[in-house]
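Scroll down for the structure; my scribbles are underneath it.
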Amino acid sequence: MQSQEQPLALTAVTSRYSTNGKEEEVNTDAESMEEEVEFNWEEYMEETGANAAPHTTFKHVEVSLQSSFQPGMKLEVANKSSPDSYWVATIITTCGQLLLLRFSGYGDDRKADFWCDVMTAELHPVGWCTQNNKTLMPPEAIREKYSDWTEFLVQDLTGSRTAPANLLEGPLRGKNTVDLIVEGSVLELQDVSGPLQYWPVRVLQNVGGRLRLRYSGLSEDHQAQDSWLFYLDVRLRPLGWALENQLALEPPAGLRSLKSSSDWQEALQEAQLDGQKSPLPLEVFKDHADPPKHSVRTGMKLEMVSPWEQLQICPVSVTKVYNDFYFQVTLDDLSPDAKPRFVVCHAHSPGILPVQWSLKHGVTLERPPGFRGHDFDWADYLKQSGTEAATDACFPDTWKNRSFAKDMWLEAVNPHRREEVCVAQITQVRGRLLWLRLEGVAKPLSECIVDVESMDIFPVGWCEANAYTLTPPFKPVCQKQKKIAVVQPEKQLAPPPVLEPTPVISCQPVAMDPGSANGRYCCSKIFVNHRCFSGPYLNKGRIAELPQAVGPGKCTLVLKELLSMLINAAYKPGRVLKELQDLEDQSWDCQEETLKAKYKGKTYRSTIRIVRLADQIADFCRKVCVKLQCCPNLFSPLLIADKCPENCSVQTKTKYTYYYGKKRKLSKPMAGEEATEAKPTRRRKKRKAIFVQKKRRSSNVDYTAAGSPQDSEEDEELTLQSGSEGTSSEPREDNPDGPSVEVNSSRPRRAASLRRAFSTGEAAGGTEAPEGRRRSTRSLSTYNQNKYQPPEGQDMQMDEEEDQLVLDRNPLEWSVDEVVQFINSTDCASLANIFQEQDIDGQALLLLTLPTVQECMDLKLGPAIKLCHQIERVKVAFYRQFAN
């Protein structure tokens, strides 16, 4: 349904953008990072007990997450059994950038299906071998199946669809459909008041498929005329659509007066030239559904959610039928001075309803303006007007498989400000309509009605996943909030130690995959070497919970992910963010990225310069480590196999403890070491040790230098690197003479031995390194009968064996059901249905990485890391039990 004013149910009212219920304060100090309270869905739903609407109910979002590759597509793949030869394969299914392929000739036989990564595998469109004089040869296992393979290929390829070349090579390689629409892309947009008229529009912004569009010929001065539409909207078409279908190319009726005819024609020619230079791949429109034929006739009556009045359902009449697909409906208005208000609709337009719908669903139907009578009755109204009602067959019933319910939460577009997406709650559900309350929007404009098939509603977390601002709920303000800048350098009691680089030995460099697209801007894995010294800023326990590696992928994305994890692993994330803000090197080719740090419910933001080139990664990582006063190999493209060449463990127990540890007697430094101790600027009164049982992370055991501030209320008052008394109750290996703290749990020693166990597993696993180290937070006894857990009753010689997985079958041979069974046995059981839906078998499971899991399964970083840890356990067990 298309309206000249505003879509469904709301009046166009300009309102001031709200930020948490008050005007946003602007800090003019360009060098400061301002503290803000950021809305967090997980915390909000935990506090309020709210339920999110299921992701599967948002069909348009589900479609947008699908791969550009479709089952049934044909391509040419390198034949592993015959070097330098290729063969045609069919795509069976997709999982993010992973493709399940089957060579032509195997028919329905699944035994030879194989997975490959579109970013690294040697894949080509059909016909590539012929063009490049390469050999097409079937796999050896089926070579004798047919006598004439040429004839077989002709029959197999006839009528089939080949994988597009631009998705297998070049900058678009492996991209999802929605990511093919880039800034500057040109499309054609149907006129809101005339379905047979189109005009080119340019994409200004693509937010997860939600496009900000501007008509060709308009400039920045006409921002108010910009449109926001989801890319699957029926009004959007590829450039050239209008001419191909003998439709008019005319500027929108409401905008023609802004430009002269010659200016409009010049803008049209310019848009067409730009579109031809950078054509939009047709794969963008593969999921674009054309409106079905309607069966309405002029004069028919129906009900419709009013596009002009808020929260009203009104009688309307079909006043014009354009063709088999589009018709015009006009608001019934019986007053003498009525001005016609109409919208263009099609059979699947959201918000059009059959006669008596309101009565059947207990919703008030507004009487037409000028109607005389106390009670409106459709039978009398139709009789008096001599008209007929549109039959139920005129309306689709595709909404019936949706599962929205009252009090569910989601994210919804504010119809008064189309650029704004708000936290929203469903207040009632009637048939195919949802009544929403938009949080963070002032009443009475905070309520609206939307159709279940509307493309203006999104699942919880959609904005965060697409890095778009979400308007949070209002919060009561008791007193004016103080702004806190975190940029002032904290006093240092000793000069920061500089870790001199030494030649790297005992390390395993991981080469960049030459098959990666744009290899210059892509890097291989960057490893987090958990056993290296973490310095005064980073919490060793949190470092131990990070994945073993991040990547491979685009340099800026991998580094941004890594830095974000390190910031959140700090005692004071804001301080680390400040240190990174000052990091710069004139020789680097950098890109600015905004990073944020969360601490005690507050969020700090800063712009960090991140290198773009793969050959600068090592230097960047080393300088970040030096800046954070940790071991230069803490995170690096090099995997530390055994002992760190920097000998950082010695520094942990001597130099850093001596300067930054608790005040206690230490043996004199050896000759050659620094022996000057900085005097504290002030002395705190010694606190009485009070230990309070707190909720702790599953492996939050810190073996950092003594005196590093811990994440507690008291520690917030401490200054980093100070000589003040600490309050840590963590065990320390380097204080044999000082007062000790008895810890009744064996967990610290277990965590340490588990880290050793993972190191053992990595050594056995060759170059494949686990991506996660997080221990399960669930009790091992919960699954002590499960076949995927180590057998009980055996006297383990070492604690490190507790977390090792013992498999009774090669995971490469696991079926989808066996994978689901394994996931159900872990603390990621809630994700098992995703593996079932996406047909992930054992081979696919072993190919999953952190970026693939986040993209394919639409998971936040925390759950994704948790899942990757379980996957890595399988990988380690595979290499230990079956690789040889």
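Heads up: numbering here begins at 1 and tracks the sequence.
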Run the numbers on Leu359 and Leu365 for side chain to side chain contact (heavy atoms under 4.5 Å, CB included), then give the verdict.
CA-CA 8 Å; Leu359 181 63; Leu365 179 69; over 6 Å; no
Show, in sequence, the C-alpha distance, side-chain angles and deciding distance for Tyr44 and Phe39, and conclude whether the ring pair (Phe, Tyr, Trp, His ring centres under 6.0 Å) test is met.
CA-CA 8 Å; Tyr44 182 75; Phe39 177 77; 5.2 Å; yes
With sequence neighbours excluded, what pairs up with Asp380 under the side-chain contact (heavy atoms from CB on, under 4.5 Å) test?
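For Asp380 the side-chain contact (heavy atoms from CB on, under 4.5 Å) partners, ignoring immediate neighbours, are Asp377, Gln384.
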Would you call [X] and [Y] a salt bridge, taking side-chain N to carboxylate O under 4.0 Å as the test?
X	Y	value
Glu439	Arg437	yes
Arg202	Glu183	no
Arg367	Asp375	no

With a 4.5 Å limit on heavy-atom distance, are the side chains of [X] and [Y] in contact?
X	Y	result
Leu434	Val452	yes
Tyr215	Pro200	no
Gln197	Pro251	no
Ile313	Val363	yes
Val329	Phe342	no
Leu236	Leu189	yes
Trp199	Leu255	no
Leu280	Leu239	no

With a cut-off of 6.0 Å (strictly less than), are more than 12 heavy atoms of other residues, nucleotides or ligands near [atom1] of [X]?
X	atom1	answer
Lys320	NZ	no
Gln205	CD	yes
Glu42	CD	no
Lys286	NZ	yes

For the atom pair [atom1] ([X]) and [atom2] ([Y]), what is the distance rounded to the nearest 0.5 Å?
X	Y	atom1	atom2	answer
Thr90	Ile92	OG1	CD1	6.0 Å
Phe69	Thr94	CZ	OG1	9.5 Å
Tyr198	Glu188	OH	CD	8.5 Å
Asp407	Thr48	CG	OG1	10.5 Å
Lys406	Met408	NZ	CE	13.0 Å
Leu311	Glu366	CG	CD	10.0 Å

Report the C-alpha separation of Thr471 and Val421 in whole Å, then their side-chain angles, then the decisive distance to 0.1 Å, and conclude whether the side chain to side chain contact (heavy atoms under 4.5 Å, CB included) test is met.
CA-CA 6 Å; Thr471 300; Val421 182; over 6 Å; no
Which heavy atom of [X] sits nearest to which heavy atom of [Y], and what is that distance?
X	Y	result
Glu411	Leu470	OE2-CD2, 3.7 Å
Ser358	Glu303	OG-OE1, 2.8 Å
Ser385	Lys301	OG-CE, 4.1 Å
Asn206	Gly209	OD1-N, 2.8 Å
Pro291	Arg237	CD-NH2, 4.0 Å
Gln190	Arg235	O-NH2, 2.8 Å

Only pairs under 3.5 Å count here: list side-chain donor-acceptor contacts from residues 221-230, not counting sequence neighbours, and write none if there are none.
from, atom 1, to, atom 2, distance (Å)
His222, ND1, Ser219, N, 3.3
Gln223, NE2, Glu220, OE1, 2.8
Asp226, OD1, Arg214, NE, 2.8
Asp226, OD2, Arg212, NE, 3.2
Asp226, OD2, Arg212, NH2, 2.9
Asp226, OD2, Arg214, NH2, 2.8

So, [X] side chain and [Y] main chain: donor-acceptor pair closer than 3.5 Å or not?
X	Y	answer
Trp378	Val355	no
His55	Val61	no
Ser278	Gly275	no
Asn466	Tyr468	no
Ser454	Asp456	yes
His346	Phe327	no

Could you check, using the six-membered ring where one of them is a Trp, whether Phe325 and His294 have ring centers closer than 6.0 angstrom?
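Ring centres of His294 and Phe325 not closer than 6.0 Å.
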Ring centers of Phe376, Phe371 separated by less than 6.0 Å:
yes
Over 60° means perpendicular and under 30° means parallel, so tell me whether Trp357 and His361 are parallel, tilted or perpendicular.
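Rings of Trp357 and His361: parallel, under 30°.
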May I ask you to decide if the ring planes of Trp462 and Phe458 are parallel, tilted or perpendicular, using 30° and 60° as cut-offs?
parallel
With respect to Glu420, which candidate in Asn414, Val413, Thr469, Leu438 satisfies the side chain to side chain contact (heavy atoms under 4.5 Å, CB included) definition?
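Exactly one candidate clears the test, Asn414.
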Passes side chain to side chain donor-acceptor pair (under 3.5 Å), Asp263 versus Ser260? Steps please.
CA-CA 5 Å; Asp263 288 342; Ser260 64; 3.1 Å; yes
Go through Thr330 and Val316 one step at a time and tell me if the side chain to side chain contact (heavy atoms under 4.5 Å, CB included) criterion holds.
CA-CA 6 Å; Thr330 304; Val316 294; over 6 Å; no
Quick one, Asp839 with Thr93, criterion side chain to side chain donor-acceptor pair (under 3.5 Å). Give me CA distance, side-chain angles, the key distance, then yes/no.
CA-CA 8 Å; Asp839 290 330; Thr93 189; 5.0 Å; no
I'd like to know whether Phe404 forms a side chain to side chain contact (heavy atoms under 4.5 Å, CB included) with Ile426, so could you lay out the CA-CA distance, the side-chain angles of the two residues, the decisive distance to 0.1 Å, and finally the verdict.
CA-CA 8 Å; Phe404 290 105; Ile426 301 174; 3.7 Å; yes
Could you go through Ser160 and Lys74, starting from their C-alpha distance and side-chain angles, then the distance that decides it, and tell me whether this counts as side chain to side chain donor-acceptor pair (under 3.5 Å)?
CA-CA 7 Å; Ser160 64; Lys74 305 281 188 180; 5.5 Å; no
